[in-house]
Amino acid sequence: MRVRVDPLVCEANAVCVGLAPEVFDLTDDDELQVLRPAVPPEEQDRVRHAVRSCPKAALALEE
Ligand code: SF4
């Protein structure tokens with residue numbers, strides 16, 4: 001599974017960071033950084049939840 005962010009849509013509110021902090025982080029410039037775009041198996045449920053929870057629908061999954 002891979003996850004990516006559309007930086008033009010993301011508003012850096014950190015919802016995904018709170019739900020999957022091993023995969024998402026905010027930079028000092030308040031840009032979302034995907035730490036692990038190839039999502040490891042143990043993070044996949046958290047990442048699916050984060051994708052569903054993003055209020056801007058800025059995250060996309062490739063299974
Ligand atoms: S939840 Fe969505 S809008 Fe918020 S930081 Fe993550 S990708 Fe960006």
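For this chain, numbers begin at 1 and follow the sequence in order. Counting convention: from 1, in listed order, for ligands and their atoms alike. Values below: every heavy atom of this structure, side chains too, minus hydrogens, waters and symmetry copies.
Residues meeting the salt bridge (Lys or Arg N to Asp or Glu O under 4.0 Å) test with Arg46, sequence neighbours left out: Glu43. Annotation: side chain to side chain donor-acceptor pair (under 3.5 Å) contacts of Glu22 (sequence neighbours excluded): none. Residues passing the side chain to side chain donor-acceptor pair (under 3.5 Å) test with Arg36, sequence neighbours excluded: none.
Heavy atoms from other residues, nucleotides or ligands lying under 6.0 Å from CG of Asp45 number 12 at most.
Leu35 has its side chain out of reach of Val23: every pair of non-hydrogen atoms, C-beta onward, lies at least 4.5 Å apart.
Within the protein, the N, O or S atoms sitting under 2.8 Å from atom 8 (Fe) of ligand 1 are Cys10 SG.
Distance alone, capped at 3.5 Å, places no donor-acceptor pair between the Asp29 side chain and the Glu31 backbone.
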